[in-house]
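Comments concern the structure below.
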Amino acid sequence: MLPPVEYIARIKPFSLLTDEEVEELVSKMHVSLYKTGKTVFKRNKVLDRIYLVRDGEIGLFDGDDLVEVVGKNEFTGLISAIKKEKTEFEARAITDTICFEFKAKDVQDFMERNEEFAEFVNKLLTMRFSELFRGEEDELINVFSKKVSEILSKRPVTCSPDSTMEEVVRLMSDENVGSVVVTNPRGNPIGIITHTDVVRSLARGLDLSTKAESIMSHPVKAVDVSASLLDAYIKFIENAVNHLAVAEDGKLVGVVTIKDLIRKFEPQTSLLNYPKLVKKAENPERVRELLQEVVSSMKNMARSGLSYEVISSIYVPILDQILRKLVEGADLDATVTIIGSFGRREVRVPIRYDLAVIEGDASGLAYDFVSIRRYTDLAESVEGLTALADSRYIHGDGARYVSFREELEERLERLKGDVAKLLKSLLSQRITIENCDEVVCRAARLYAILQGDFTSKSTVERIGEMDLSEDVIESAVEAYSAVRMIRLRRELFEKSDKVDEVILKKSVGIFRQFQEELSRRMKSW
């Protein structure tokens, strides 16, 4: 067993203290042995100390019900001792347990002296779990948050629809640009001509007198001048283009290119290359390789400290493009929608696409990471129908997809009584570390359906729109994001740390409060 000083120095948040501070803390701490069944602290008490389990287990009890187990190297009593709040549960030793106990006033003293230690403790106290994943400020985060206006260096070069290709080429040469925006008499962009468009037109045998409106790409893909580089990046990914028009109040103010973004990103960042790589992939094997490359890239992004929502917003468009490439390669005569986690635009690893076939045959998508179900099979149960609320169009007859959504809404509208029963049953389910995020995800979806919202949204968006107290919503959003991030990191790196365990346990408590308030809300309906 490690000496106390060496042991404490390895446990967060005490690992953030200096060597001298750790020695001072250990000199003031108390060591206690609690025999099996012995009460460590009672319910409804404001604690004057924090307990670190050195060996054994402490159970937190609500009456006779065991709510949580605090194991080796884990804390209990932190919130009560530091925030001076009454304990919610009674703590009893489940086995013979040794505790290192620290007086609250000593911990507060170190918080005043050590800013990094105080910051970590405060994040735990205020449940700002996602911030615990962040390391030092990362340049990539700064880049993503910059505005599009910051990389606009040239005024837009424009021409009219009647301009000739010869005039467009001359403009490109004179202005040293790679694109010319075609505008109508009111100055609104209606198309864009790039070097690639010119080369393709000449290859088709068109002469230089050809009008601009005949060779332009349209409609113009645009982004607002106030948008972030992340917003622009997502536009590039979704549309697989190299140029975006930049607008302000609906008027053209410039053009941003993928090269502009690449120059702003770290040299090793390869994210912006994926649209081209996917587009050029000639066979399913190459697409599968790209899938693995994307997961490797995701590891680097997860290390950078970006939130789960940001990582999802970056990678879901890339993975959507890969899925479309697979669908196109299978030459499907079917209308297909993506459901499940990716239907909500929430990334997960290992990558697994859940698809629903509305009509036609999708058997050509025979990949081990693609799960295919028929709409008619899912529609046989209320649970299956509610899962379809997470659907997003991916391939096939667009009109049939719209018709499917209308059918789905009509059926769910008629079955709201059954949906309410599903939600009530879910709210009576015991929340655990293993199921907490899934229970909250399903509850948020069922609640949205009962409110008449049948659109596919992320769980965080759905929680944010619920008619619950602001504190419960804020805590549930924070906890859900943190838990999903922990799940993602565990899959990517195949490991976790004690901070993850602390967050998961605290999140279970937050989700139970969410569950209880939603149950009370339903009783008032």
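- At least one donor-acceptor pair closer than 3.5 Å links the side chain of Gln515 to the backbone N or O of Leu427.
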> Taking it one step at a time, do Asp471 and Ser469 satisfy side-chain hydrogen bond (donor to acceptor under 3.5 Å, both in side chains)?
Replying inline: CA-CA 6 Å; Asp471 288 345; Ser469 68; 5.9 Å; no
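- Taking the six-membered ring for Trp and thresholds of 30 and 60 degrees, Phe369 and Tyr367 have nearly parallel ring planes, at less than 30 degrees apart.
- Residues Glu413 and Lys416 are paired through a salt bridge, judged by an N-O separation under 4.0 Å between the basic side chain and the carboxylate.
- Under the 3.5 Å distance criterion, the side-chain polar atoms of Asn283 are matched with a main-chain donor or acceptor of Arg286.
- Listed for the Lys147 side chain is no donor-acceptor partner under 3.5 Å among the backbone atoms of Leu229.
- When atom types are taken as modelled, the side chain of Asn184 and the backbone of Asn188 share a donor-acceptor pair closer than 3.5 angstrom.
- A side-chain donor-acceptor contact under 3.5 Å links Thr337 to the backbone of Arg392.
- Using bins of under 30°, 30° to 60° and over 60° for the plane-to-plane angle, the ring pair Phe342/Tyr353 lands in the tilted bin.
- Here the side chains of Ile193 and Val182 are in contact, with some heavy-atom distance below 4.5 Å.
- Without hydrogens or angle criteria, Glu517 side chain to Val472 main chain gives no donor-acceptor distance under 3.5 Å.
- Scanning all heavy atoms of the two residues, the minimum distance from Arg374 to Gly360 falls at NH1-O, 3.0 Å.
- If you check the side chains of Arg405 and Ser391, you find a donor sitting under 3.5 Å from an acceptor.
- Panel note: side chain Thr335, backbone Arg400; no donor-acceptor pair is recorded below 3.5 Å.
- Counting heavy atoms from C-beta on, the side chains of Val419 and Val382 come closer than 4.5 Å.
- Here the side chains of Glu293 and Ser297 are not in contact, with every heavy-atom distance at 4.5 Å or above.
- Between the Arg442 side chain and the Ala387 main chain, no donor and acceptor come within less than 3.5 Å of each other.
- Of the possible donor and acceptor atoms, one in the side chain of Ser481 sits under 3.5 Å from a partner among the backbone N and O of Val477.
- Arg521 is listed as a side-chain neighbour of Asp467, based on a closest heavy-atom distance under 4.5 Å.
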